[in-house]
Visitor: 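Quick one: structure below, then a few questions.
So you know, we letter chains A, B, ... as the sequences are listed, proteins then strands, and number each from 1.
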Amino acid sequence: MINLEIAKIFNDIARNLRIDGVAFKPYAYEKAAVSLQALPEDVKTIYMTGGRKALEEIPGIGKAMSDHIEEFVKTGKVAFYEEMKKKLPVKWDELLGVEGLGPKKVKVLYEKLGVKDLKSLERVTKKHLVADLDGFGETTEKNILQGIEFLKTSHGRTILGEALPIAREVLVKLEKLKEVEKISLAGSLRRRKETIGDIDFLVVSRNPKKVMEFFVKLPGVKKIWGQGATKSSVHMEQGFDMDLRVVPAKSYGSALQYFTGSQDHNIVTRKIAIEKGLKLSEWGIFRGAKQLPSKTEKDVYKALGMAWVPPEMRENTGEIELSLDDKLPKLVELKDIKGDLHVHSNFGEPDGEKDSIEVLAKKAMSMGYEYIGISDHTNDLNVEKSLNEKELLAQNEYIKKLNKKFQISNFKFQIFHGCEANIRKDGSIDVKDEVLEKLDYVIAGVHSLLKMEKPEMTARIIKAMKNPHVDIIAHPTGRIVGQRDEYQHDFDAILKVAKETGTILEINSSSRLDLRDLYIRRAKNEGVKMIINTDTHQKEQMHYIEYGVSQARRGWATKDDIINTLSVEELLKSLK
DNA sequence: GCCGTTTTCGGCCCGACTGTTTTCAGTCG
């Protein structure tokens with residue numbers, strides 16, 4: 001996305017200006033970057049159709065910014081930025097990842113010691129060349145070295161599905177302390193971002209010291225690296241950080257709002273406070289010296305004239321405006337989900353690691369579902385057991401019998417029979433039409449040749465969607481969080497055909513989290529329906545549905561956008 | 001550099017902590 005590319009350039013420019021001591025301009029560049037990130041349309045299209053004038057109507061974009069955008073659209077570069085990069089040619093992403101290192105220290109390290117990346121940083125630190133630099137010292141040098149060590153053992157950002165269960169375990173332990181009056185997750189985990197930098201807890205307690213003492217002694221704590229009167233931070237053995245903050249009850253709402261973020265969201269809420277003659281901080285919302293009610297987040301938003309914003313939406317990508325107008329969408333919830341249509345069974349491989357259809361159906365019932373769909377892999381897939389046409393037909397008979405059995409015992413529960421077929425290189429499906437026809441539904445997905453060029457991959461998926469038997473496209477963009485980027489594809493073209501053909505796009509709840517949040521928003525805007533599935537290979541994974549739901553919420557999806565919130569009868573109608 | 005029913009000039013979010021300082025800059029969220 002060109003918007004994101006330009007936003008990154010603007011953020012980089014802001015950082016460089018700030019290093020040079022330029023006041024306020026960096027803020028303008030950051031503001032322009034945020035504005036671009038939040039923009040649903042492509043700036044290139046805006047420029048092509050409306051020219052410079054249209055660009056300057058975007059908030060935060062004035063003459064200089066539109067100059068840069070025009071130049072980038074025309075040449076793919078911004079000369080002003082290229083010059084800056086030459087002056088300070090360091091690997092920012094690497095160096096800023098070291099705890100305690102910021103832009104200014106990086107500049108000094110580059111100019112005095114030639115540090116360009118983590119490797120050269122480690123070298124000069126181990127030679128003890130850092131401590132003598134102006135503004136540095138023994139402690140800073142030691143901290144940098146420890147920061148590098150931690151980076152080596154940490155695996156960067158932790159994916160949501162790993163972080164959330166760990167966080168909940170800690171939450172339960174803290175809740176049991178009698179000193180803890182109230183507790184909540186905060187930060188990116190509460191916003192359910194797909195990856196988490198660190199796990200944040202917010203606690204109300206009259207005895208912060210006691211709570212923090214307990215916190216830093218939790219199992220798995222490797223090092224305490226920050227401790228103030230109301231805050232402590234620890235490195236965990238698993239390679240991530242946890243932060244705990246303690247506040248008084250009268251500040252709980254403002255503190256939760258503040259520590260949940262995102263930072264971009266908070267900057268805007270604080271500005272709204274200023275406009276109303278108020279001041280918002282983690283300690284409360286104030287008119288002069290007088291504190292207004294700040295016990296709950298609702299109090300805080302109400303004082304700002306805003307409706308309470310679901311944490312998943314707090315990214316300053318348009319939610320503030322909707323909240324001010326009281327027009328926030330009612331997001332889909334976990335309890336709305338009535339079934340899961342992407343579940344793999346052990347059919348044809350009873351000794352394998354997967355579960356039987358009966359076990360999976362019972363699991364679905366125990367989760368309060370009204371239906372489950374069995375969708376095993378088919379013919380072409382070689383990495384795990386797949387069913388051929390004959391086996392699919394046998395499975396179909398078997399599921400029919402099972403359903404009859406349930407009916408006799410008067411269960412209000414239905415097993416659907418589908419499959420997860422492969423979309424071949426040419427867009428054809430690897431199962432014969434006459435077999436697909438017999439199934440209740442068909443999921444199709446790309447599982448091979450992921451490196452195709454954009455036009456070919458787009459045409460491949462479009463052809464599959466045009467197949468009258470294909471109801472759902474599994475994990476439509478092919479990415480896996482933290483492991484694999486999406487394949488090349490034209491998402492707008494895919495959306496257009498999905499809409500025309502009534503094909504449903506999957507929100508896969510496994511570590512794929514595919515569709516991602518931004519694409520969910522675009523699909524929703526185009527009126528394309530989606531389904532939240534787990535891609536379960538073992539029955540416990542059916543609980544991953546929660547991650548798919550939170551992803552859908554981050555994409556602003558409502559119940560109406562998601563077809564597995566429908567009852568059995570309505571669901572059948574919404575399929576091809 | 002951008003913006004404006006308190007402004008076309010004068011503002012730009014806020015507070016805490018750390019380490020290097022002797023009153024504050026840099027970093028973090």
Visitor: Output a table of donor-acceptor pairs, distance under 3.5 Å, between side-chain atoms of residues 320-329 of chain A and any protein atom two or more places apart or on a different chain; print 'none' if there are none.
Guide:
residue  : atom : partner  : partner atom : Å
A:Ser323 : OG   : A:Ala307 : N            : 3.1
A:Ser323 : OG   : A:Ala307 : O            : 2.8

Visitor: Nearest-Å distance, CG (A:Leu36) to P (B:dC2)?
Guide: 12 Å

Visitor: What's the verdict on salt bridge (charged side-chain N to carboxylate O under 4.0 Å, His left out) for A:Lys85 and A:Glu82, showing C-alpha distance, side-chain angles and the deciding distance?
Guide: CA-CA 5 Å; A:Lys85 275 204 290 193; A:Glu82 295 300 318; 3.7 Å; yes

Visitor: In whole angstrom, give the distance that lies between atom CD1 of A:Ile196 and atom P of B:dG29.
Guide: 14 Å

Visitor: In terms of side-chain geometry, is the basic nitrogen of A:Lys142 or A:Glu99 positioned less than 4.0 Å from the acidic oxygen of its partner?
Guide: no

Visitor: Before giving the answer on side-chain hydrogen bond (donor to acceptor under 3.5 Å, both in side chains), spell out for A:Ser66 and A:Glu56 the whole-Å C-alpha distance, their side-chain angles and the decisive distance to 0.1 Å.
Guide: CA-CA 6 Å; A:Ser66 67; A:Glu56 286 177 30; 2.9 Å; yes

Visitor: What verdict does the side chain to side chain contact (heavy atoms under 4.5 Å, CB included) test give for A:Phe10 and A:Val34, after you've listed the backbone C-alpha separation in whole Å, the side-chain angles of each residue and the deciding distance to 0.1 Å?
Guide: CA-CA 9 Å; A:Phe10 285 178; A:Val34 168; over 6 Å; no

Visitor: Would you measure the distance from the C1' atom in B:dG11 across to the matching atom in B:dA16 and give it in whole Å?
Guide: 25 Å

Visitor: Considering only the C1' atoms, how many Å lie between B:dT8 and B:dG1, rounded to the nearest integer?
Guide: 15 Å

Visitor: Mapping A:Tyr29 and A:Asp241 onto DNA chain B by nearest heavy atom, which one lands closer to the 5' end?
Guide: A:Tyr29

Visitor: If you look only at pairs with a residue in residues 544-556 of chain A, which of them pass as a side-chain hydrogen bond (donor to acceptor under 3.5 Å, both in side chains), with sequence neighbours excluded?
Guide: A:Arg168-A:Glu546, A:Glu312-A:Arg553, A:Glu315-A:Arg554, A:Asp517-A:Arg554

Visitor: In chain order, what residues pass the ring-ring contact (aromatic ring centres under 6.0 Å, His included) check against A:Phe150, with sequence neighbours excluded?
Guide: A:His235

Visitor: Enumerate the protein-to-nucleotides 9-12 of chain B contacts in which both atoms are nitrogen or oxygen and the separation is below 3.5 Å.
Guide:
residue : atom : partner : partner atom : Å
B:dC12  : O3'  : A:Tyr27 : OH           : 3.4

Visitor: Protein within reach of the bases, or only the backbone? For nucleotides 16-24 of chain B, mark each nucleotide 5' to 3' as B, S or -, using heavy atoms under 4.0 Å.
Guide: SSSSS----

Visitor: Near DNA chain B, under 4.0 Å by heavy atom, which residues of residues 74-103 of chain A?
Guide: A:Val98, A:Glu99, A:Gly100, A:Leu101, A:Gly102, A:Pro103

Visitor: Taking A:Lys152 first and then A:Glu149, would you say they form a salt bridge - that is, a charged N and a carboxylate O separated by under 4.0 Å?
Guide: yes

Visitor: Taking atom NZ of A:Lys222 as the centre, report whether more than 12 heavy atoms of other residues, nucleotides or ligands fall under 6.0 Å from it.
Guide: yes

Visitor: Sequence neighbours excluded, which residues qualify as side chain to side chain donor-acceptor pair (under 3.5 Å) partners of A:Asp492?
Guide: A:Arg522

Visitor: Can you name the residues that form a side chain to side chain donor-acceptor pair (under 3.5 Å) with A:Thr477, not counting sequence neighbours?
Guide: A:Asp514

Visitor: Paired with B:dT8 by Watson-Crick or G-U wobble geometry, both distances under 3.5 Å: which nucleotide is it?
Guide: none

Visitor: What is the distance, to the nearest angstrom, from the CG atom on A:Leu280 to the C1' atom on B:dG15?
Guide: 12 Å

Visitor: In whole Å, what is the span from the CE atom of A:Met242 to the P atom of B:dC28?
Guide: 20 Å

Visitor: With A:Leu88 as reference, evaluate A:Asp20, A:Ile19, A:Val106 under the side-chain contact (heavy atoms from CB on, under 4.5 Å) test and give the passing residue.
Guide: A:Ile19

Visitor: Could you give the distance separating B:dG15 and B:dG10 at their P atoms, to the nearest angstrom?
Guide: 25 Å

Visitor: Under the side chain to side chain donor-acceptor pair (under 3.5 Å) rule, collect the residues that match up with A:Glu70, sequence neighbours excluded.
Guide: A:Tyr47, A:Arg52

Visitor: Taking atom P of B:dG1 as reference, at what distance in whole Å does atom CD1 of A:Ile69 sit?
Guide: 14 Å

Visitor: Answer with yes or no whether A:Tyr258 presents, from its side chain, a donor or acceptor under 3.5 Å of a partner atom in the base of B:dG29.
Guide: yes

Visitor: If I pick the C1' atom on B:dC17 and the same atom on B:dC12, what distance separates them, to the nearest angstrom?
Guide: 24 Å

Visitor: For residues 69-123 of chain A, which residue pairs qualify under ring pair (Phe, Tyr, Trp, His ring centres under 6.0 Å), counting only residues two or more places apart or in two chains?
Guide: A:His68-A:Phe80

Visitor: Take atom P in B:dG26 and the same atom in B:dT21, then report the distance between them in whole Å.
Guide: 12 Å

Visitor: Can you pull out the residues from residues 104-131 of chain A that lie within a 4.0 Å heavy-atom distance of DNA chain B?
Guide: A:Lys104, A:Lys105

Visitor: Between B:dT20 and B:dA25, how many Å separate the two P atoms, rounded to a whole number?
Guide: 16 Å

Visitor: Rounded to whole angstrom units, what separation is found between the CD atom of A:Gln257 and the P atom of B:dG15?
Guide: 14 Å

Visitor: In whole angstrom, what separates A:Asp243's CG from B:dG15's P?
Guide: 20 Å

Visitor: Could you tell me how far apart A:Ile285 (CD1) and B:dG15 (P) are, to the nearest whole angstrom?
Guide: 12 Å

Visitor: Using the test salt bridge (charged side-chain N to carboxylate O under 4.0 Å, His left out), find all partners of A:Lys182 that sit at least two apart in sequence or belong to another chain.
Guide: none

